[in-house]
> 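One structure, as structure tokens, below. Some questions next.
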Amino acid sequence: MSNPTEIVTRFAPSPTGFLHIGGARTALFNWLYARGRGGRMLLRIEDTDRARSTEEAIAAILDGLAWLGLDWDGDPVSQHARAERHREAVEQLLAAGKAYRCYASPEELAEMRETARKEGRPPRYDGRWRDRDPSEAPQGVNPAIRLKAPQEGETVIEDHVQGRVTWQNADLDDLILLRSDGNPTYMLAVVVDDHDMGVTHVVRGDDHLTNAARQTHIYQALGWNVPEWAHIPLIHGPDGAKLSKRHGALGVEAYRAMGYLPAAMRNYLVRLGWSHGDHEVMSTEQMLEWFDLDAIGRSAARFDFAKLENLNGIYMRQMPDDDLLVEFRRSLPYLEGGPAFEEKLDATNSARLAGAIPGLKERAKNLTELLANSQFLVDERPLSLDDKAARILDDAGRVTLAGLLPLLTGAAAWDAETLEGIVREFAEETGRKLGQVAQPLRAALTGRGTSPGIFDVLVVLGRDESLGRIGDQTGVPTD
RNA sequence: GCUCCCUUCGUCUAGCGGUCUAGGACGCCGCCCUCUCACGGCGGAAACAGGGGUUCGAGUCCCCUAGGGAGCGCCA
């Protein structure tokens with residue numbers, strides 16, 4: 001029922017851990033390519049390794065994709081569940097004489113690799129059972145099934161990213177299709193599944209590049225069309241080495257916990273290895289329109305937190321206040337200290353938060369910072385002061401506040417314009433610079449040395465709370 | 001060891017033989033704005049890995065060297 005020219009991609013993670021950052025980018029590329037061209041993206045869980053696959057990992061991967069805003073068509077396919085079909089394909093190959101039973105023991109195999117290495121040849125199977133008569137099979141040994149791969153000539157793949165890549169068939173060996181316990185190998189399963197699922201474009205990490213050559217042999221033996229390939233470079237850590245846990249190879253949920261926005265994450269990831277002229281910030285719509293496999297670079301990119309941070313800040317500032325507020329509240333359960341903050345969001349504090357968002361979002365590059373900078377809104381009197389605030393509220397600072405308090409108490413209206421007028425006038429008449437008044441005020445109102453504009457803070461906290469907090473620092477009780 | 005891939009500012013990249021005295025972004029430095037911190041604005045330092053070719057002309061094409069990466073399993 002599928003359109004013959006329709007593009008079908010797939011993301012095929014193995015559920016042995018979380019969705020790491022490289023996998024997330026691979027998924028994004030698959031998604032962009034398919035969705036940008038009216039095609040479909042499928043999801044397949046490569047769970048043939050039963051010992052290492054877990055339900056939790058599957059859940060984490062689906063959750064990570066959902067958070068990133070990447071969806072797929074149909075139900076996720078379990079590779080393990082298709083083992084019968086994989087065996088069936090091998091029977092077909094056996095019947096056609098394109099595969100054979102191999103009785104070589106693990107010891108023999110190890111020895112083969114050893115000698116090959118010594119002689120400066122690539123370590124590979126020597127094909128000792130390739131043309132041997134079945135009657136020579138040892139008793140009581142279950143054979144593995146190997147592909148009878150071409151031994152001469154060369155195998156060429158035309159890759160959308162890597163270009164034309166050529167291997168001498170002599171350097172490739174007869175890979176195992178079915179293990180001696182009857183279970184299909186990854187190499188076989190991938191080919192059969194991609195074919196059956198109608199995948200037209202295989203977009204994956206370039207650690208699979210050589211696999212493409214060997215898988216091509218399987219496609220050819222089965223008489224199937226070879227899909228289009230796009231092997232994208234891996235992401236490296238800041239030091240240029242393979243991305244490891246101490247770099248950025250965290251699960252995407254870790255980025256959520258650090259307070260990054262999914263949209264910013266997508267934008268950062270898509271620019272790693274791909275670009276469209278000088279465009280740095282682009283909407284998802286633009287990505288879908290511009291993204292192309294042929295424009296992906298061939299060299300590995302390093303993961304740079306500073307740039308992610310900057311992009312995330314841009315997204316936060318660009319986002320409408322209401323949207324950011326929703327996103328922020330939704331992420332609270334995942335942020336450190338978020339749940340405690342959430343508990344304090346009664347009607348009053350929620351209103352304060354909503355009112356403070358415009359001033360807050362200019363000053364935070366991620367939601368974790370936004371949370372930290374929002375803390376003063378829900379803190380209870382009397383506020384505890386951080387070091388900087390304590391220094392500002394020295395004797396002189398307290399005297400200043402004591403002088404200002406009555407004027408604020410008598411404010412005709414509690415809006416930014418009126419309050420600014422009062423404070424500026426007070427500063428002028430008492431021969432102080434505005435900063436000499438604003439800073440003590442800030443310290444008293446927020447308990448910190450930095451905050452959004454002080455007049456906005458006064459308005460957001462409201463008259464009673466503001467006067468109360470100032471009073472707490474002058475020793476003059478107001479309620 | 002063998003096979004394959006890669007190499008432009010610290011980082012992500014633009015560049016698809018002449019428009020490159022190499023452009024943008026992050027980061028960094030300086031100045032401005034300013035009630036703090038940010039935002040914003042302006043300016044600055046900063047790269048074609050090295051060597052050979054090809055060509056009238058090379059960051060762009062070819063080769064070599066060096067450096068980096070990936071793969072070489074009855075793992076995926």
Side-chain angles (χ1 to χ4, degrees), chain A residues 12-16 46-49 51-53 79 102 104 106 109-110 113 116-125 142-146 159 161-163 165-168 171-173 175-181 183 185-187 189-190 205-211 213-214 231 233-234 236 238 240-242 268 271-281 297-311 313 317 359-365 369 373 388-389 392 420 423-424 427 433-443 446 448-455:
Chain A
S14 61
T16 54
E46 313 231 300
D47 52 359
T48 53
D49 186 340
R52 294 200 297 157
S53 301
Q79 189 158 68
C102 169
L109 262 19
R113 278 192 284 272
R117 190 172 290 255
K118 268 184 200 153
E119 293 168 14
R121 290 180 293 113
R124 58 173 171 72
Y125 177 66
N142 289 325
I145 313 291
R146 286 183 185 269
D159 192 280
V161 177
Q162 308 290 335
V165 187
T166 307
W167 287 267
Q168 295 306 311
D171 292 334
L172 273 12
D173 64 358
L175 66 263
I176 290 180
L177 266 12
L178 227 47
R179 293 189 254 272
S180 52
D181 64 2
N183 286 125
T185 59
Y186 161 81
M187 211 62 83
V190 168
D206 71 6
D207 48 338
H208 285 287
L209 188 60
T210 15
N211 289 340
R214 323 186 84 188
H231 289 90
L234 267 19
H236 286 178
K242 192 177 176 182
Y268 177 72
R271 284 282 293 100
L272 233 40
W274 175 82
S275 64
H276 184 76
D278 286 337
H279 291 275
E280 296 284 346
V281 181
R298 289 198 257 215
S299 55
R302 302 186 189 198
F303 192 90
D304 180 16
F305 263 103
K307 189 139 185 176
L308 203 212
E309 190 88 346
N310 172 269
L311 246 191
R317 273 175 261 128
L360 252 16
K361 75 177 185 182
E362 297 287 332
R363 295 168 171 76
K365 297 204 170 181
E369 283 182 15
N373 296 344
K388 196 172 173 193
I392 292 167
E420 181 166 356
V423 173
R424 281 189 186 277
K433 287 181 179 175
L434 185 57
Q436 291 178 292
V437 182
Q439 279 300 80
L441 202 46
R442 167 169 289 112
T446 68
R448 314 169 114 218
T450 64
S451 81
I454 201 60
F455 308 114

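We name chains A, B, ... by the order of the sequence lines, and we start the count at 1 in each one.
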> Just the rounded figure in Å: distance from C1' of B/rC12 to CD of A/E309.
16 Å
> Test for a donor-acceptor pair under 3.5 Å between the base of B/rC39 and the side chain of A/R317, counting only N and O atoms.
no
> Students often get this wrong, so: under 4.0 angstrom with heavy atoms, is A/N211 touching a base, only sugar-phosphate, or nothing?
base
> How far does the P atom of B/rG23 sit from the matching atom of B/rG43, given to the nearest Å?
14 Å
> What contact category does A/Y268 fall into here, base, sugar-phosphate, or nothing, at under 4.0 angstrom with non-hydrogen atoms?
nothing
> Distance check, P atoms only: B/rC4 and B/rA22, in whole angstrom units.
37 Å
> What contact category does A/L109 fall into here, base, sugar-phosphate, or nothing, at under 4.0 angstrom with non-hydrogen atoms?
base
> Look through every strand shown and name the nucleotide pairing with B/rC61 as Watson-Crick or G-U wobble, where both distances are under 3.5 Å.
B/rG53
> Got a sec, which residues hit salt bridge (charged side-chain N to carboxylate O under 4.0 Å, His left out) with A/R317, two or more places apart in sequence or on another chain?
none
> Would you please name every residue forming a side chain to side chain donor-acceptor pair (under 3.5 Å) with A/D173, sequence neighbours left out?
A/R214
> Does A/T48 reach a base, just sugar-phosphate, or nothing at all? Heavy atoms under 4.0 Å.
sugar-phosphate
> Base of B/rC35, side chain of A/R442 - is there a donor-acceptor contact under 3.5 Å?
yes
> Write down the distance separating the P atoms in B/rC6 and B/rU65, rounded off to the nearest Å.
16 Å
> With a 4.0 Å cut-off on heavy atoms, is A/L272 in touch with a base, just the backbone sugar-phosphate, or nothing at all?
sugar-phosphate
> Mapping A/G435 and A/S180 to their closest nucleotides on RNA chain B, which lands nearer the 5' end?
A/G435
> For nucleotides 59-66 of chain B, give me every protein contact, N/O to N/O, under 3.5 Å, one pair per line with atom names.
none

> With sequence neighbours left out, write down each residue that passes side-chain contact (heavy atoms from CB on, under 4.5 Å) with A/E46, or none if nothing qualifies.
A/A12, A/S14, A/R44, A/Q79, A/Y186, A/V190
> Drop me the distance from A/L172's CG to A/T210's OG1, to the nearest 0.5 angstrom.
8.5 Å
> Calculate the interatomic distance between A/R124 atom CZ and B/rG1 atom C1'; express it in whole Å.
14 Å
> Quick one: side-chain contact (heavy atoms from CB on, under 4.5 Å) partners of A/P452, sequence neighbours excluded?
A/L360, A/R363, A/F376, A/V457
> Using the test side-chain contact (heavy atoms from CB on, under 4.5 Å), find all partners of A/D207 that sit at least two apart in sequence or belong to another chain.
A/L234
> Using only side-chain N and O atoms of A/S451, determine if any of them is under 4.0 Å from OP1 or OP2 of B/rC37.
no
> Find the partner of B/rC72: check Watson-Crick (N1-N3 plus N6-O4 or O6-N4) and G-U wobble (N1-O2, O6-N3) distances, both under 3.5 Å, and reply none if neither fits.
B/rG1
> Would a 4.5 Å heavy-atom cut-off, applied to side chains only, mark A/V161 and A/W274 as touching?
no
> Taking only nitrogen or oxygen atoms into account, show me every contact under 3.5 Å that the protein makes with nucleotides 2-7 of chain B, one pair per line with its distance.
residue	atom	partner	partner atom	Å
B/rC5	O2'	A/Q162	OE1	3.2
B/rC6	OP1	A/R298	NE	2.9
B/rC6	OP1	A/R298	NH1	3.3

> Mind checking salt bridge (charged side-chain N to carboxylate O under 4.0 Å, His left out) for A/K365 and listing every partner two or more places apart, or none if nothing turns up?
none
> Could you list the residues that satisfy salt bridge (charged side-chain N to carboxylate O under 4.0 Å, His left out) with A/R271, not counting sequence neighbours?
A/E280
> Would you please indicate yes or no on a ring centroid separation below 6.0 angstrom for A/F305 and A/Y268?
no
> A/R424: which residues meet the salt bridge (charged side-chain N to carboxylate O under 4.0 Å, His left out) condition with it, sequence neighbours left out?
A/E420
> Rounded to the nearest 0.5 Å, what separates atom CD1 in A/I454 from atom OG1 in A/T446?
6.5 Å
> Starting at atom CG of A/L177, determine the distance to atom P of B/rG73, rounded to an integer number of angstrom.
16 Å
> Which sits closer to the 5' end of RNA chain B, A/A301 or A/P106, going by the nucleotide each is nearest to?
A/A301
> Considering only nitrogen or oxygen atoms on both sides, find all protein atoms under 3.5 Å from nucleotides 19-26 of chain B and state each distance.
residue	atom	partner	partner atom	Å
B/rG23	N2	A/D278	OD1	3.1
B/rG24	N2	A/E280	OE2	2.6
B/rA25	O4'	A/E280	OE2	3.4
B/rA25	N3	A/K307	NZ	2.9
B/rC26	O3'	A/N310	ND2	3.3
B/rC26	O2'	A/K307	N	3.4

> Would you mind reading off the distance between A/I176 atom CD1 and B/rC74 atom C1', rounded to a whole angstrom?
4 Å
> Is there a side-chain contact between A/P233 and A/S299 (heavy atoms, below 4.5 Å)?
no
> By the 4.0 Å heavy-atom rule, please label A/K388 as base, sugar-phosphate, or nothing.
sugar-phosphate
> With rounding to whole Å, what would you report as the distance between B/rG40 and B/rA76 at their C1' atoms?
49 Å
> Only counting residues at least two apart or in another chain, list the ones meeting side chain to side chain donor-acceptor pair (under 3.5 Å) with A/D159.
A/H231
> Quick one: A/R302 CZ to B/rG67 P, roughly how many Å, whole number?
16 Å
> Give a yes or no answer on whether the side chain of A/S180 reaches the backbone of A/P143 with a donor-acceptor pair at less than 3.5 Å.
no
> Could you tell me the separation between the CD atom of A/E420 and the C1' atom of B/rU36, rounded to a whole number of Å?
15 Å
> Can you measure A/D207 atom CG to B/rC75 atom C1' for me and round it to whole angstrom units?
12 Å
> Which is true for A/P452 with a 4.0 Å heavy-atom rule: it touches a base, it touches only sugar-phosphate, or it touches nothing?
base
> Rounded to whole angstrom, note down the P distance from B/rC26 over to B/rA70.
30 Å
> Would you classify B/rC39 as syn or anti? Syn applies when the glycosidic angle is within 90° of 0.
syn
> Partner of B/rC28 by Watson-Crick or G-U wobble geometry, both contacts under 3.5 Å, or none?
B/rG44
> Check whether any side-chain N or O of A/K361 sits under 4.0 Å from OP1 or OP2 of B/rA38, and answer yes or no.
no
> Students often get this wrong, so: under 4.0 angstrom with heavy atoms, is A/A389 touching a base, only sugar-phosphate, or nothing?
nothing
> With sugar-phosphate meaning primed atoms plus P, OP1 and OP2, does A/R113 contact a base, only sugar-phosphate, or nothing at under 4.0 Å between heavy atoms?
sugar-phosphate
> Across the strands shown, which category fits A/H208 at heavy-atom distances under 4.0 angstrom: base, sugar-phosphate, nothing?
base
> Counting only Watson-Crick pairs (N1-N3 plus N6-O4 or O6-N4) and G-U wobbles (N1-O2, O6-N3), all under 3.5 Å, who is the partner of B/rC9?
none
> Base, sugar-phosphate alone, or nothing: which one does A/G453 contact when heavy atoms must sit under 4.0 Å apart?
base
> From CG of A/D173 over to P of B/rG71, roughly how many Å is that when rounded to an integer?
17 Å
> When rounded to the nearest Å, what value does the distance between C1' atoms of B/rU55 and B/rC61 take?
10 Å
> At under 4.0 Å between heavy atoms, what does A/R214 touch on the DNA or RNA strands: base, sugar-phosphate, or nothing?
nothing
